[in-house]
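Because the structure is a prediction, the values reported are computed rather than measured.
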Amino acid sequence: MKTIIIGGVAGGASAAARLRRIDEKADIIILERGEYISFANCGLPYFIGGEITDKNMLTLQTPQSFKARFNIDVRVLNEAKAIDPKRKMVIIEDHKNHITYEESYDHLILAPGADPIKPNIPGIDSDCVFTLRNIPDTFRIKNYIDTNHPKSAVVVGGGYIGVEMAENLKKAGLEVSIVELADHLIAPLDFDMAADVHRYIKSEGINLYLNNGVQSINNNTVILQNGTIIADMIIMSVGVRPETTLAKDCGITLNAKGSIVVNRHMQTNIDSIFAVGDAIEVKDFITGMPAFIPLAGPANKQGRIAADNICGIVSEYTGTQGSAVLKLFNMTVATTGLNERSAASAQIDYDKAYIYSGSHASYYPGANNMSIKALWDKKTQKLLGAQIVGFDGVDKRLDVLATAIRFGAKITDLTTLELCYAPPFGSAKDPVNMLGFVAENIITDKIKQFFWHDIENLPCDGSVTLLDVRTETEVSRGKIKGFINIPLDSLREHLNEFPKDKPVYVHCHSGLRSYIACRILQGNGYECYNLAGGWRLYESVINERTVPEYICTECR
């Protein structure tokens, strides 16, 4: 059996290694048009920023190591130019020896990956404009910094790679700005969760230009839809598109966005041709809808599945849920599953909860709070997605939630999880458990919620009671006008001041004390609504919307 693999990074290298582990006698060839195989895409920004100092650490395998360990014929600088499915032949251009030749196959795996998008704007081909997708890109950027000593940089695009690049350019000593067309960084986050990221990244000295786009580049001037920025170098990080020209030309079915369509066994519409990685259309694990989610973890799994099926082992890919984590200086940002936008797009009737919990026991030194948000399906109560922004312990909690989603857990199942506890690592009631407790209270109607985006519509005509149960010291640092302040521990003494025929909207700093206040009020015959996420979330979001605070018309 002879298998040719086109593309030697995540999916392709994984498929090749798996094929060899299953079949010692198989003839396996990797064709890679570049100079490197099995390199760490996700580590590239950290070489530029100096976190990774040895460039050799960027390559997980070399052609020589692959040959020695797996007896795989790796041909770098060999580009597949065409596929002839009828003859089962690949036409290859050897860039090193300047020859063109043919190679037959029994099975073919396409793992060409994706190319960075370069917008069609004037000046995009300037010598100071770069993209980052592979090792040569990395060396070009690093060499430019070392040779030209730029003082400033603009990163166009606020996704994972763009934000990582901004951090590492800052660490390399540059003044850095991020330009993002959307209203917030990191698209899988909802705006309310991104607000903390915006505040933090600005505190680290990075400038943000949100709701803005690049119109043109004129030498060192980046002309925006609104304003201009002078910069010595520009990094374009506005996304990627699947590299599928080769597939299209040989008759493989693509979707409307150019991704290769495969079945659950990673097979294309052409017999004996498989496809994996960033070039393919995947199924969203939660909605079941077609999606484009280019991530290294799924690509590796897909490579393994394609290899299994080639070797006669029935194996299926069940979908991608988009679990991802980002380091931003000392902050950690992690997401999995659906956000509000994608849940609404899928027409799912969902609910949501926020908590603000410590990374470990508060009495043990060094605890930091994490902002956690989760969505669930109102009908089935299944967990749909989660987002966490914080510092220590974020990745651990997000991995638990991602696992829960993969195994079809209900949001209330989180209450039953028995997670590791010791004061340096967590709490007896872990934040994941607390998320389940909060959701369970909502589902069982023990608490009713209102949200930060509801505040501007609350009446200030006396028809409702607006109550702030924080301490006087907390209120002195900022408040929502129209809310009267009665600290939680004094609430029972003031119950006779609230008419029972008027609903009470109550908030505290995080939502915990106001939940207790609601239980007190409900126990005394009041209808009560708790501000989800509390003042902390509201203030963060409103600050990042450039509105200082909500003041209703009647209360001015």
Side-chain angles (χ1 to χ4, degrees), residues 182-200 202 208 210-211 333 335 338-344 350-357 369-376 378 384-390 434-435 438-439 441-442 447-460 464-470 474-475 477-485 488 503-518 528-556:
D183 64 355
H184 68 280
L185 301 176
I186 310 171
L189 289 177
D190 289 315
F191 180 87
D192 48 22
M193 295 296 287
D196 280 351
V197 179
H198 297 169
R199 177 173 290 184
Y200 177 75
K202 288 188 289 187
L208 294 185
L210 303 174
N211 282 316
V333 181
T335 67
L338 303 184
N339 57 22
E340 290 200 58
R341 183 181 61 256
S342 54
Y350 67 90
D351 209 340
K352 58 185 176 180
Y354 304 81
I355 64 169
Y356 192 55
S357 294
N369 282 330
M370 298 173 286
S371 184
I372 306 178
K373 177 179 183 178
L375 276 63
W376 66 91
K378 285 184 178 180
L384 298 174
Q387 304 162 42
I388 310 181
V389 176
M434 291 301 299
L435 189 63
V438 170
N441 285 336
I442 296 166
I447 192 70
K448 296 177 181 178
Q449 299 187 103
F450 69 109
F451 301 99
W452 62 266
H453 47 76
D454 296 323
I455 289 179
E456 62 185 357
N457 296 318
L458 289 178
C460 290
V464 300
T465 300
L466 305 178
L467 178 62
D468 179 344
V469 296
R470 295 176 299 157
E474 289 175 293
V475 173
R477 301 189 189 112
K479 64 180 181 178
I480 308 173
K481 288 190 177 179
F483 280 70
I484 60 173
N485 175 228
L488 173 63
V504 182
Y505 289 80
V506 60
H507 82 82
C508 67
H509 181 71
S510 67
L512 176 58
R513 282 171 292 168
S514 49
Y515 162 68
I516 297 171
C518 270
C528 189
Y529 296 84
N530 183 28
L531 177 60
W535 159 263
R536 192 211 68 81
L537 178 67
Y538 168 81
E539 188 274 336
S540 177
V541 174
I542 295 303
N543 179 70
E544 292 307 316
R545 294 175 84 198
T546 67
V547 179
E549 62 181 337
Y550 166 65
I551 306 173
C552 69
T553 303
E554 292 82 354
C555 299
R556 283 177 176 155

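Interatomic distance, R470 CZ to F483 CZ, rounded to the nearest 0.5 Å: 10.0 Å. If you take CG on D190 and CD on Q387, they are separated by 4.5 Å, rounding to the nearest 0.5 Å. Rounded to the nearest 0.5 angstrom, R199 CZ and L208 CG are separated by 12.5 Å. To the nearest 0.5 angstrom, D351 atom CG is 6.0 Å from Q449 atom CD.
Put simply, the side chain of L435 does not reach to within 4.5 Å of the side chain of S357, judged on heavy atoms. At a threshold of 4.5 Å between non-hydrogen side-chain atoms, the residues V333 and V389 count as touching. Counting heavy atoms from C-beta on, the side chains of H184 and E544 never come closer than 4.5 Å. Considering only heavy atoms from C-beta on, L210 comes within 4.5 Å of L185 through its side chain. Looking at N369 and R536, their side chains never come closer than 4.5 Å, going by heavy atoms from C-beta outward. With a 4.5 Å cut-off on side-chain heavy atoms, T335 and M193 do not count as touching. Inter-residue side-chain proximity for L531 and L537 is flagged as unmet; no heavy-atom pair is nearer than 4.5 Å.
Residues A353 and I442 approach most closely at CB-CD1, 4.0 Å, considering heavy atoms. Between A195 and S540 the shortest heavy-atom distance is CB-OG, 3.4 Å. Between V506 and A517 the shortest heavy-atom distance is CG2-CB, 4.1 Å. Closest approach of L466 and C460 over heavy atoms only: CD1-SG, 4.3 Å. Closest of all the heavy-atom pairs between L375 and A343 is CD2-CB, 4.1 Å. Counting all heavy atoms, side chain and backbone alike, S510 lies closest to Y356 at CB-CB, 3.9 Å.
Listed by chain and number, the residues in a disulfide (SG to SG under 2.5 Å) with C518 are C528 (sequence neighbours excluded). Take E340 and apply the side chain to side chain donor-acceptor pair (under 3.5 Å) test, not counting sequence neighbours, and it matches Y350, K352, K373.
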Inset, instruction - For side chain to side chain contact (heavy atoms under 4.5 Å, CB included), just list the numbers for I480 and Y505, CA-CA rounded to whole Å, side-chain angles, deciding distance to a tenth of an Å, and then say yes or no. - result: CA-CA 12 Å; I480 308 173; Y505 289 80; over 6 Å; no

Inset, instruction - Please test L467 against I484 for side chain to side chain contact (heavy atoms under 4.5 Å, CB included), starting from the C-alpha separation and ending with a verdict. - result: CA-CA 5 Å; L467 178 62; I484 60 173; 4.1 Å; yes

Inset, instruction - Decide yes or no on side chain to side chain contact (heavy atoms under 4.5 Å, CB included) for D454 and Y529, but give the supporting numbers first. - result: CA-CA 11 Å; D454 296 323; Y529 296 84; over 6 Å; no

Legend entry - Stepwise side chain to side chain contact (heavy atoms under 4.5 Å, CB included) test for I355 and L512: CA-CA 8 Å; I355 64 169; L512 176 58; over 6 Å; no

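Not a single donor-acceptor pair under 3.5 Å links the side chain of D192 to the backbone N or O of V541. A donor-acceptor pair under 3.5 Å links the side-chain atoms of N530 to the main chain of G511, judged by distance alone. Within the 3.5 Å criterion, the main-chain N or O of G385 finds no donor-acceptor partner in the side chain of N339.
Below 30°, between 30° and 60°, or above 60°: for F191 and W452 the angle between ring planes is between 30° and 60°, a tilted geometry.
Ionic pairing of E539 and R477 is not present here: no N-O contact between side-chain nitrogen and carboxylate oxygen is shorter than 4.0 angstrom.
Ring-centre distance between H507 and Y538: not below the 6.0 Å cut-off.
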